[in-house]
Each structure stands twice: as structure tokens, then as C-alpha cells.
> 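Quick one: the structure is below, and I'll ask about it shortly.
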Amino acid sequence: MAAELASLFDSLNLAQRKAVQADDGPTLVIAGPGSGKTRVLTSRIAYLLLARKTPAHRIMAVTFTNKAANEMRERLNRMMGAAQTGEMSIGTFHSICARLLRRDAPLIGVDHHFAIFDADDQLSVVKTALAELNIDEKKYKPAAVHSVISRAKNDLIWPDQFQPKTYFEEIVGRVYVRYNQILRANNALDFDDLLIETVRLLQHNPSVCQRVQERYLHLLVDEFQDTNLAQYVLVKWIAGKHRNVFCVGDPDQSIYAWRGADYRNVLRLQEDFPDLNVVALDQNYRSTQTILDAAMSVIRRNPNRRHIKLFTERGQGPKIVVRELYTDDEEAQYVVDTIRELIDHGAAAPGEIAVMYRTNAQSRALEDAFVRAGMPYRLVGATRFYARKEVKDVLAYLRIVNNPADSVSLRRIVNVPPRGIGDKTFAQIEEAARANGTPIYQSLTTGQLAGRAARALADFAALWRNWIDLRDELAVGQLFDHILQTSGYRDYLKDGTEEGEERWANVMELRNVAFGAGDMPLGDFLNEVALVSDIDNYDESANAPTLLTLHAAKGLEFRVVFIVGLEDGLLPHSRSLDNPDQMAEERRLMYVGITRAKDRLYLLRAFRRSAWGTSDMSAPSRFLDDLPAELLNLGGRSKEKQPSWSAGDLSQTARSPRPPVEFTPGQRVYHQKFGEGIVLRSTRQRDDEEVEVFFAKSGLKRLSATISGLKKIE
DNA sequence: CTTGCTACTCTTTTT
DNA sequence: GAGTAGCAAG
């Protein structure tokens, strides 16, 4: 024991050690990026377990992603070689709340088999509510309505407390009421319910509250700056008795205000726990001084922040490379080319490189470039695995078996594959269920419809019945196979097309997860699946560059980081331009991105970016202006002498932006769609180049050099 | 009820 | 440019 502790402390600096060994009572560790926050949190837990002999089951640790939780558990296991960490309550707020609620589900008006509705399901509930209330979807966008509802829940505002301030909110208030009723009729909770219902459970049930408060001797919270009000109140309740909260965070890295996160929770903590012990960590162990200086020069311009000076002993390191490319495709090509060079020169292994962007849509150009270069990559986000149609379909089958009240899932698959149960028939069933006040399952089995529909319904009801009977007899994996077979979904998906095979492969991946669940009850399995985030599945061992959004990059680090799309309107995002608070958040996002880099940082922008099928010009990000020239490598150009097409103001560049003729007759070229070809003629257009190419496969084509993405072959 | 066509929106960021 | 909602025809 003593040996483990000694070696643990050897790896910590004085300030970190002080935090780890803090006395019991409320503690807040404010720390800059790369200062070992998570390490301090893990060490604190090890310290509590080893030195303080705290039983593992009396510790709760909340992290931002399940991945972070798993990592922490692994580290503790390695450190202590003990399986006792398995008894710790560790996970995201959402997953921990789901576990708490499961036990006392009847107290909040659902049963133990309650479903957790994801973003997709939530939207479909909003749509149903809008339809029932005769509200026009075109005027009141379901997504916008839902975001207000979600925000209210995160601020702990129940439907009957919702105070509309605008006409729009007036409408939302009415939808909110109906929305929640529909959720409960489906025996379902949404993501936000997991938090707000747990707060209510603790508030209104003294015995439950006492049990929880008594049990958790220590509560530790990572990424505290990203907690919302509901989460903060949970912290207060859970730690209400023993008052041993240990929070770790960095206000400069708060990037989730848009979903209710409130960095003022730091102030609330100070108010609610006047004896709060605050520890600050500013030494950085991740990045070179150049990178830290760049990060500080960007974040410095935000108002109302505590000024901290980040320092490192890692030295200056290489300058930050700033480049301007002509299009987003060229930007992507630059990324791929540079990565290849870095790998060839041994500057970094492929897995130590990341490419970050503001919006998921930007990943497409990058993916194309990686595919063209035949270079493997990891993609985080975009179309998340669990959001794929086929995956959601199969899960919907499992969900109606676990929770026969789930009409949202039923609607999804009742006619997939086609069974002759169309919208109209389904609406009748739903109506019957509502009229009789019975769950949808019953009105399906006892339905008294006539003709073809009745036959189809009876057949489906028999299948469903059979699955439910098998629910508790078969393991999740076996049930999975059985349903896939008997429902006809398997044959429906495997339709012989290439796309069908791809979808089938995804279903098989899900099948692996199902078999991995072993004897776990179906409900537990579904809960777990509902709460995984994309980053949770990110495979460390795959040795390939990672493509991810700046948000997803939080908490990670890479030897080399590319941030692409440094353009006003993208980073900072156009929706933030007229709002100082949102602008400050964009700046923090940029700060988070920069500080992910250990050694090398590349900041790229494209002069022309295609979006919505058209290509538009863009101005450089204002954040680039904040970087001192001495930190930058501008590729031989001074800051004033940027490439020709961006010199001067935009109106001027619009007239004669680009390019000298790039393609000459006889040049061999490659086009993504048409393959290889030979240039016959090239004509300079106003701000483009028209190229006539003879393709081996598709014959003569006349193309725009900028839009076609035509490439030279050396 | 199913299939296939047209027209329209869409892009912040996520547990 | 792509995915989907909505509609018309089979």
C-alpha cells in the first residue's frame, strides 16, 4: 500500500499533491489545460481508497463521458491491482441517475422497464405533440421547440412552472405539457428527465434522499465548468450530508453553455460551501510554450476572467503553422499531405495526430482526402453509430419487447419490413389505445379492425407476444438473433445491394455488443446503449489520425493538432457573431482546440468553402488576428503578404482572386467521379479555370477547375 | 398499402 | 448536394 502511494506521489508536483491530500470538506481545483486535472482526480480517489481506507462503494465519481469513467476505473485497477473499484459509482451524471432512478422508478410515475428516449425519439414526441395540438410544424420547428423544453428541464423548470416570455415560448409551454404526458404514456424518460427526475426524487422522498446522502461519503466531479443547474443541484443533494465534494474544472474551457451548462456554478459552489478549499494549478505538462502562448493570446481577450499564466518546462518547440488554402478540398489535401510528411519524418505516429473542426459537416472534405490518399482515419461523431437507421431499427425491436408501452419505437418498426400495416392502420391503433387508456400493446392484440389490416396486425401481435415471452428466458444476444430472424428484418436488410451489406455489417456490430452483454437484463442493456456517446467507442489502439469536432476533443490530447476552417462564420460560428456571450464561448472553443496539442499545431483556412452545394468566399477568423506573429510560421509570407487571392479586401479579391492557369494541355489528371484523364485545353475564366479533359472511362468533359476538384497526377 | 417522384430544408456544438 | 417529407400513381 505504502509503495503504491509513494510512487503515486512521486509523479505529482507539490500543488497537485496538496490537492490530492486535501482534508475532507468541499474542495475546488481550478486548473488550466494539461495541468493533470483528471490525474489529480484519479489520484485523489486512490488516496481515499488506500490512505483513508474509504470503502469503494462509498465513493461516487462523475466524469463527462463514459469513456473517461472507464479510463479512470482502469487506471485505479492498475494502480491497486484490486477489483474493488468495480464497486465505485462512476460514470456520467446521466448514467448514474439512470441507475438511481431504475431502482425507484415507480416513485416518479414509470415502471422499472422505462425507456430512455434519445434525440431522435424526443423529436418524434415533439412532432406528435405539435400535431395533437394542431400547431404548424413549419412555423414552430420541432428542433427549436425541443431545445427550449430541454433547456427548461436542465434549469429545473417543470411544465407547470414554465413562464413564457414570448409568444413562441407560450406555444412551447403548451407543447411541453403534452410532451411530458406522451413520454409517460410511453413509459419513457428523455435524457433531461434523468436529471430533473432524480432531483425531484431526492427532494420529495426523504428516505431515498437519506439513503443516497448516507451512502456517498465522497463525491468527485470532473469538468465541473460544464455542469448545468440540474447537475449542480444534484451535487448539492448527494453531498448534502457529508459535504465531501471534490470538483475539478477550468472556466476557460466551458463550452457547453448552449445546453445549459453554467460556469457560474463555480460561484454557486463558493456560496453554498463557504468553507470551500480552492486549489489552483497552472503548470502545464502537455504543450510547448509556443502553444501555450498562442492559447493565452486567444483567451486573454475574453472579459471577466481570472487571468492565469500557463507555463511549461517543455521548451519553445516548433512555431505554429498558419496556412491559407484556396478551397476546403485543398485544405483537406494539405492536411493529408502534411500528415504523411510528419509520419515519414517520424514527428508523430498516425494515432497521435488529430484534425479538429467546428461543425461535423466539415468532415466530408477531409474524409474524401483521406480516402483518396488511401490513408486510414478514425472519425468521431458525424453519423453516430447508434443513430444509424438500421441500428435504431433493431434497437426499436428490442425496446418494444422490454417496454411494450413504447409506441415511438413501435411506430418505427411496425411496418419495417413492410407488413401491410401503414400509417392509417397505426393511427387507428394509437387512437384506440388513447381512447381506452390502455398501453399500445393491448390495443394491438385486442384490436377489432376488419379485413387485411386485422390479419396483418394479428400476425405481428403474435410475433411480439412470442418475443416478450422469451424476454426473460434468453440472453440479450440470443433474443437479438431470434428477433432478427423471425421479424424478417434480416432478409429485408440483406437485399443484395452493397448498401444493404454495409447496413447488415452495422447490425452485426450491434450484435457483438448484444452478445457482450452476457446475462445482463434487457433493460440494463438498453439503458447502457442509450447513454453511450460516440467518443466512448473511440478506439485508442487504432493507429490512425482522428477526425473530430472541437467539442468532442475536450479532455483529449494529441502530439499534432490541425484545426481547420479558421474562418469568420465557421469559427467563430455565424450564429455567434452578434452575441458577445456566444462569441466568448467560441473563443473558449478555440482555446480548447489549441491546448489539445502537445508539440505541433496547424491552423488552416480555406478562401473558398463549399456549403449547401455552392461555394462561397470567407474572411479569415478573427481569432487568427490575436496570435502574435513571432509564434507563427506563415510559410515564408509575412502576415501582410498573404496569398494573392486574399490580399486586400474581399470585394477586390472577388474580382481577381485566383489562379494562374494551373492545368496545361497534356497534363494527366484525376477526377473523383470520372477517374483518370488527359487535359486537352484550359481556359482562364473570371475567377476560375475551365478545363477540357478526355477521360479514359467517360470521354470528353468540360469542367470547372475549382468546383470539380480535378487533381494533377505527377 | 407500396413505390417512386419532386421539392424542400439543412449545418452549430451533445449527454 | 443529400436526405427526407409529402404527394401521386399503381
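Chain letters run A, B, ... following the sequence lines, proteins first and then strands; every chain starts at 1.
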> Is there a side-chain contact between A:Lys389 and the phosphate of C:dT4, meaning an N or O under 4.0 Å from OP1 or OP2?
yes
> Counting N and O atoms only, with roles assigned by atom type, does the side chain of A:Arg399 sit under 3.5 Å from a partner on the main chain of A:Asp406, one being a donor and the other an acceptor?
no
> Can you tell me how the ring of A:Tyr377 sits relative to the ring of A:Phe370, calling it parallel under 30°, perpendicular over 60° and tilted otherwise?
tilted
> Quick check: on DNA chain B, is the nucleotide nearest A:Ala119 upstream (toward 5') of the one nearest A:Arg364, or the reverse? Name the residue that is more 5'.
A:Arg364
> Which word best sums up how the rings of A:Tyr140 and A:Phe168 line up, parallel for under 30°, tilted for 30 to 60°, or perpendicular for over 60°?
parallel
> What residues, two or more places apart in sequence or in another chain, satisfy side chain to side chain contact (heavy atoms under 4.5 Å, CB included) together with A:Arg264?
A:Asp262, A:Leu267
> At under 4.0 Å, does any side-chain N or O of A:Thr549 touch on OP1 or OP2 of B:dT14?
yes
> Whole angstroms only, please: what is the CG-P distance between A:Asp136 and C:dA5?
15 Å
> Round to the nearest Å and state the distance from A:Arg259 atom CZ to B:dT15 atom P.
6 Å
> Measure CZ/A:Phe117 against C1'/B:dT15 and give the value in whole Å, please.
17 Å
> Collect all protein-nucleotide pairs involving nucleotides 3-10 of chain B in which both atoms are nitrogen or oxygen and the distance is under 3.5 Å.
| from | atom 1 | to | atom 2 | distance (Å) |
| --- | --- | --- | --- | --- |
| B:dC10 | OP1 | A:Lys141 | NZ | 3.4 |

> Which of these nucleotides, C:dA5, B:dT11, B:dT14, is closest to any side-chain atom of A:Ala361?
B:dT11
> Is the phosphate of B:dT13 approached by A:Asn360 (side-chain N or O, under 4.0 Å from OP1 or OP2)?
yes
> Rounded to the nearest Å, what distance is computed from the CG atom of residue A:Asp120 to the C1' atom of nucleotide C:dT4?
13 Å
> Quickly work out the A:Arg151 CZ to B:dT14 P distance and round it to whole Å.
17 Å
> Compare the aromatic ring of A:Trp258 with the six-membered base ring of B:dT13 and state whether they stack according to the 5.5 Å and 30° rule.
yes
> Counting side-chain heavy atoms from C-beta on, which of B:dT13, B:dT15, C:dA5 comes nearest to A:Lys127?
C:dA5
> For A:Leu229 and A:Asn265, which heavy atoms make the closest approach, and how far apart are they?
N-ND2, 4.4 Å
> Give the nucleotide from the list B:dT14, C:dT4, B:dT13 with an atom nearest to the side chain of A:Thr359.
B:dT13
> May I have the distance from A:Gln362 (atom CD) to B:dT11 (atom P), rounded to whole angstrom?
14 Å
> Taking the side chain as everything from C-beta on, heavy atoms only, tell me whether A:Gln362 gets closer than 4.5 Å to A:Leu570.
yes
> Do the charged groups of A:Lys141 and A:Glu137 touch, with an N to O distance under 4.0 Å?
no
> Closest to the A:Asn415 side chain: B:dT15, B:dT2, B:dT14?
B:dT2
> Describe the nucleic acid contact of A:Tyr256 in one word from base, sugar-phosphate, nothing, applying a heavy-atom distance below 4.0 Å.
sugar-phosphate
> Classify the nucleic acid contact of A:Arg419 as base, sugar-phosphate or nothing, counting any heavy atom under 4.0 Å across all strands shown.
sugar-phosphate
> At 4.0 Å (heavy atoms only), tell me whether A:Ile421 reaches a base, stays on the sugar-phosphate, or touches nothing.
sugar-phosphate
> Report yes or no: is the cationic atom of A:Arg151 (NZ for Lys, CZ for Arg) closer than 6.0 Å to the six-membered ring centre of A:Trp258, at no more than 45° off its axis?
no
> Separation of A:Asp616 atom CG from B:dT11 atom P, in whole Å?
17 Å
> Whole angstroms only, please: what is the NE2-P distance between A:His573 and B:dT11?
10 Å
